[in-house]
Q: 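Have a look at the structure that comes next, please.
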Amino acid sequence: MPEPLADRPGEFAAPRPGGIAARAAAGLRAAGPDYLAGLNPEQREAVETLDGPLLVLAGAGTGKTRVLTTRIAHILALGRARPFEILAVTFTNKAAREMRERVGKLLGQAAEGMQWLGTFHSIGTRILRRHAELVGLQSSFTILDTDDQIRLIKQVLSAENIDDKRWPARQLAFAIDGWKNRALGPKDVPAGEAQAFAAGRGAELYGIYQARLKQLNAVDFGDLLLGPIRIFRDHPDVLEQYHRRFRFMLVDEYQDTNVAQYLWLRLLAQGSKNLACVGDDDQSIYGWRGAEVENILRFERDFPGAKVVRLERNYRSTGHILNAASHLIAKNEGRLGKTLRPQTELGEKVTVAGSWDSGEEARAIGDEIEALQSKGHKLDDMAILVRASFQMREFEERFITLGLPYRVIGGPRFYERAEIRDAMAYLRVVASPADALAFERIVNVPKRGLGDAALKLINERARADEVTLPEAARRLCDAGEMKGKARAALKDLILSFDRWSGLIDKTPHTELAEIILEESGYTDMWAKDRTAEAQGRLENLKELVRSMEPFENLRGFLEHVSLVMDADRGPSEDAVTIMTLHGAKGLEFDTVFLPGWEEGLFPHQRSLDESGRAGLEEERRLAYVGLTRARRRAKIWFASNRRVHGMWQSSIPSRFLDELPEADVDVVEAPATFGGGMGGGYGPSRFDNAQPFSSTYATPGWRRAQERGGATASPGPGARRGGPMTIEGELVASSSAKSAGFKQGARVFHQKFGNGTVVEVDGNKLTVSFDKAGEKRVLDGFVKAA
DNA sequence: AACATTATGTCGACT
DNA sequence: ACATAATGTT
């Protein structure tokens, strides 16, 4: 797997005949560098400045990705490096994939051989696997996700007799993550911070956790960066190899790098010095994850002789949108300062609208989307960008009622679902029996009568004999230390694992996965399950097997999953996108809806509490990111009431609304809302008095809120929230009514609500009493006969 | 060991 | 309000 690193002489190498670079260079000589055509002067400078450190300050929509990809193409075309001598780092897999594709397009062929194009984590993994033994690991180490990590920490805490009530594992996990983000090992943790956990044992526990990881031959996300840093520092000869290898380095989203990533880059950049970083300080929104805007602010000092290029021509958004965004971000201090210049007409003004509560917000936005759709706009070109993921559900519910196709990006993640994690655990044990956490997860799933007691025995034996858990289990069975039913069940499981392991090289991995899920009784477990989700879970398992297809083998797939975490659902029908503002960075849509601009939610209270002014500035940058996603229309909303942890709370409009320039904003009344929205009369502080209802309790909205079982009354199981949602709503059937012929009393299945019985039929609208979700009105197109 | 009940934390964003 | 974890019961 690892190709030799020192496979080339140090001097400049001519492109391999027939390689990408050679062919691209041939094309260059023949047709001229047509990939440079159409770049503006600044972009061109950023592409052609190849030697020495370079910082490209690229505002939103100024062609940042284009510069990066063209730069790579340019390097290859000039023959300055071969594809595997370029290090190109992104933060997300999506960005990496896009870059690969676009480089390929520029070169007119697939960008094969660019092995070092990927995320910090995937490249870190690659390096760590090559030199695992230098940090006491085997190169087959497993990568723990957050869930595994927390379970492991729980084990550590209980082994150390620490009350995990008083000192939650999550908290320690969070602290450890923070330390790793700052490249601090257990010994480097500042005394003051270690003090904060378990009466000063924080750093000690961190050390124990690391030791446990090593025992398990496992690493967590942070180690994927820290490991390589340690290797580089302790083994100059290894670092030297990489210095020789990476002739050019490119980093995307430099403003989001944390200390560890910065150190990692700086170590590597001591080699060729050809480090090009692209970023935008105004779009730094990952401070909570350890990102340091200072990295970008300090670039010129860190890399002497650095050239700085500013990209300020925005090709994405129309004038009003851009003005609004610029005006807003100008309230931040401590920025490098850029002025985005629109390249097109002023277009539509940004709109701000208020609603009574979050439900009405969802309804109004749904209506507006339908109106746009009927005017010929595609749903693919519209997005709803929320601050927090819990806001998504209200939109989902509304869209289901409307029959409006939508896709949620980043919601409950595919790979975090229980059934997927179980299935993955089976695969992991088969691929590497030493994966103790995976084994523990599935010994008793489905139920085999192997509970805590049995697991304890296995664990003790494994520790005593220093063997893997499956091996310990085998010994227990053979030695007869396990009795009766438990022994039979365990023996059976062990034999199954032996059988599956034997199939690894003989059977295609997708088939093997099916066999494992079948023979383990896992699919059976869900097939027998009568709950609403069971069907969906089986679907997900099929989806999982399908998603394994593109991979060469099981190992490759497992590696991918441990890093990727985002399931790539294939392209589907025309649909509205619902996602978080964080997830939206780097994307653009014609129309962007921005709901929930209320104090406490946006800016988020916790951001303000924890980070004060810096937190507020980061929230403001998030608002800036949101606005600049819009090409033609940006529509902001706020609600006067929102349910927080199940309790109704009134809210005041976000301070960011007051920071928008009046000239570029239209305050609109919410169409078809109770009380006609906020009325037109906005004072100088336009939104401060935006709660005309707060003192009167007789408004329909308030009554509705109460009927819905708000802060006071708890509704009986029959009085579902599905009812009031449609009092005035006049459920609108989006498509023509063609009844699928469901009769009253029929049993139906719904993707989101599960199984239920039809109570009433009204054209293509059904009232269904769902077993789990209660009574809902849905369109017949969304249910199928159960 | 498996199920039923109760208590608790969660809903801040992500690799 | 909901889901999960912890606790109690058979």
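Each chain gets a letter, A, B and so on, in the order the sequences are listed, and its residues count up from 1.
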Q: Taking CZ from A:Phe174 and C1' from B:dG12, how many angstroms apart are they, rounded to a whole number?
A: 10 Å
Q: Measure the distance from CG on A:Asp256 to C1' on B:dT15 and round it to the nearest whole Å.
A: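 Result: 12 Å.
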Q: Give a yes/no on whether any side-chain N or O of A:Asn258 is located under 4.0 angstrom from OP1 or OP2 of B:dT15.
A: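 Indeed not, no polar side-chain atom of A:Asn258 lies that close.
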Q: Give a yes/no answer on whether the side chain of A:Thr580 brings an N or O atom under 4.0 Å of OP1 or OP2 in B:dC14.
A: yes
Q: Send over the distance from A:Arg393 CZ to B:dT10 C1', rounded to a whole Å.
A: 12 Å
Q: Expressed in angstrom and rounded to an integer, what is the separation of A:Leu581 atom CG from B:dC14 atom P?
A: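 Between P of B:dC14 and CG of A:Leu581: 10 Å.
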Q: Please confirm whether the shortest side-chain N or O distance from A:Arg387 to OP1 or OP2 of B:dG12 is below 4.0 Å.
A: no
Q: About how many Å separate CZ of A:Arg129 and CG of A:Leu224, when rounded to the nearest 0.5 Å?
A: 8.5 Å
Q: Are the ring centres of A:Trp264 and A:Tyr262 closer than 6.0 Å?
A: no
Q: Just how far, in rounded Å, is P of C:dT4 from CD1 of A:Ile150?
A: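 Distance check: A:Ile150 CD1 to C:dT4 P gives 14 Å.
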Q: Tell me: CG of A:Asp145 to P of B:dC14, nearest whole Å?
A: 15 Å
Q: Would A:Gln283 and A:Lys64 count as having a side-chain donor-acceptor pair, cut-off 3.5 Å?
A: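 Judged by distance alone, the side chains do not pair up.
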Q: Ignoring backbone atoms, establish whether A:Ser389 has a side-chain N or O less than 4.0 Å from OP1 or OP2 of B:dA13.
A: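 Yes, because at least one side-chain N or O of A:Ser389 sits under 4.0 Å from OP1 or OP2 of B:dA13.
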Q: Not counting sequence neighbours, which residues clear side chain to side chain contact (heavy atoms under 4.5 Å, CB included) with A:Leu457? List them please.
A: A:Glu460, A:Leu476, A:Met482
Q: Quickly work out the A:Asn444 CG to B:dA2 C1' distance and round it to whole Å.
A: 10 Å
Q: Has the side chain of A:Glu619 got a donor or acceptor that lies under 3.5 Å from a partner of the other kind on the base of B:dG12?
A: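 Result: at least one qualifying N/O pair found.
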Q: Strictly below 4.0 Å: does A:His604 bring a side-chain N or O up to OP1 or OP2 of B:dG12?
A: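 The answer is yes; a side-chain N or O of A:His604 sits under 4.0 Å from OP1 or OP2.
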